[in-house]
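Throughout, a chain's letter reflects where its sequence line sits, starting with A, and its residues are numbered from 1.
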Amino acid sequence: MPKLTGIYAKLLKLYGPQGWWPLLDVEGKNPTKTGSMKGYHPKDYSYPKTDKQRFEICIGTILAQNTSWVQVEKALQNLKKINYVDPKKILKINESNLGKAIKPAGYFNQKAKKLKRFSEFYISLKGKVPSREELLNMWGIGPETADSILLYAYKKPYFVIDAYTKRIFSRLGFFSEKAKYDEMQKFFMDNFPKDYKKYNEFHALIVEHAKRCCNKTNPLSEKCILKKACKFKNI
DNA sequence: AACCAGGACGTGA
DNA sequence: TCACGTCATGGT
């Protein structure tokens, strides 16, 4: 079985720095991705630089639940248009109108409620870093969202496990398809340097690789650089 | 035209 | 605990 550090190096060489977490606007950065968002910032792990950016990332992780990123972009841009990427303003707007603004991201009734609950929590923090337990105790925030917030909004080394990570690394034989979240996370955190910059980059690279060549029903093995170790074809 | 996307929660067994 | 159903828009 290949090592995580080796896979990380391969993916980084192949795809390059991914510039996560994307923001609505990043001053002085050139877009490296298609679409209207110019907010990727490759090789710069200093974001978020402001509280406003931090909050934007937090609500982005909630909006991104089981939804493609392009849809999240639309929802965020709608919020930005009315200048509502702000916890106090999200508390002020009525839930129905909030839902209307974030509609493109899907599950808009649930997500409107989640954004309101989170905004209240965020204000109560007064700049303090939330613990993982505090986040998990919030309605609407599960393990992946909690870890995404800690990693990408607060630069804390919590490895994010998503459906892509599970798919790729179970196919590579690191764990079974029905491994639990905490089990998978522990594996990554025990076998990879505990560095928030590398956690940031690795997760983003995993997403990129999964999108390009690790489909749900079949891997695009001809272009997958990890195909030698992939067990999928033998299942 | 099904299928799925940078999940989480509620329910009944 | 766990296997399912629900939430919902919009790309391919």
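When F169(A), Y181(A), Y199(A) are each tested for a ring pair (Phe, Tyr, Trp, His ring centres under 6.0 Å) with F188(A), only one passes: F169(A).
By the 4.0 Å N-to-carboxylate-O rule, E120(A) lies too far from K116(A) to be salt-bridged with it. No salt bridge links K52(A) with D86(A); every basic N to acidic carboxylate O contact stays at or beyond 4.0 Å.
Using a 4.5 Å heavy-atom threshold, the side chains of R54(A) and Y47(A) count as separate. Counting heavy atoms from C-beta outward, P48(A) and F55(A) have side chains that stay 4.5 Å or more apart.
For DNA chain B, the neighbouring residues in residues 139-153 of chain A, judged by any heavy atom under 4.0 Å, are W139(A), G140(A), I141(A), G142(A), P143(A), E144(A), T145(A).
Using cut-offs of 30° and 60° for the angle between ring planes, the W20(A) and H203(A) rings count as perpendicular.
Between K180(A) and dC2(C) there is a side-chain N or O to OP1 or OP2 distance below 4.0 Å. Residue R167(A) has no polar side-chain atom (N or O) positioned under 4.0 Å from OP1 or OP2 of dC4(B).
Distances were taken from every side-chain heavy atom of Q110(A) (C-beta onward) to each of dC7(C), dT1(C), dA5(B); the shortest belongs to dC7(C). Taking only side-chain atoms of K74(A), from C-beta outward, the nucleotide of dT1(C), dG10(C), dC4(B) with the closest atom is dG10(C). Of the candidate nucleotides dG11(C), dA8(C), dA5(B), dA5(B) has the atom nearest to the side chain of S68(A). Relative to the side chain of P104(A), the nucleotides dT1(C), dG7(B), dG10(C) differ in distance, and dG10(C) lies closest. Among dC2(C), dT9(C), dG7(B), the nucleotide with an atom closest to any side-chain atom of Y107(A) is dG7(B).
Of the P atoms belonging to dG10(B) and dA8(C), the separation is 14 Å, rounded to the nearest Å.
DNA chain B is contacted by both N66(A) and K216(A); K216(A) maps to the nucleotide lying nearer its 5′ end (nearest heavy atom per residue).
Anti is the conformation of dG12(B), whose glycosidic angle sits further than 90° from 0.
The residue K166(A) sits apart from the nucleic acid: no heavy atom pair falls under 4.0 Å.
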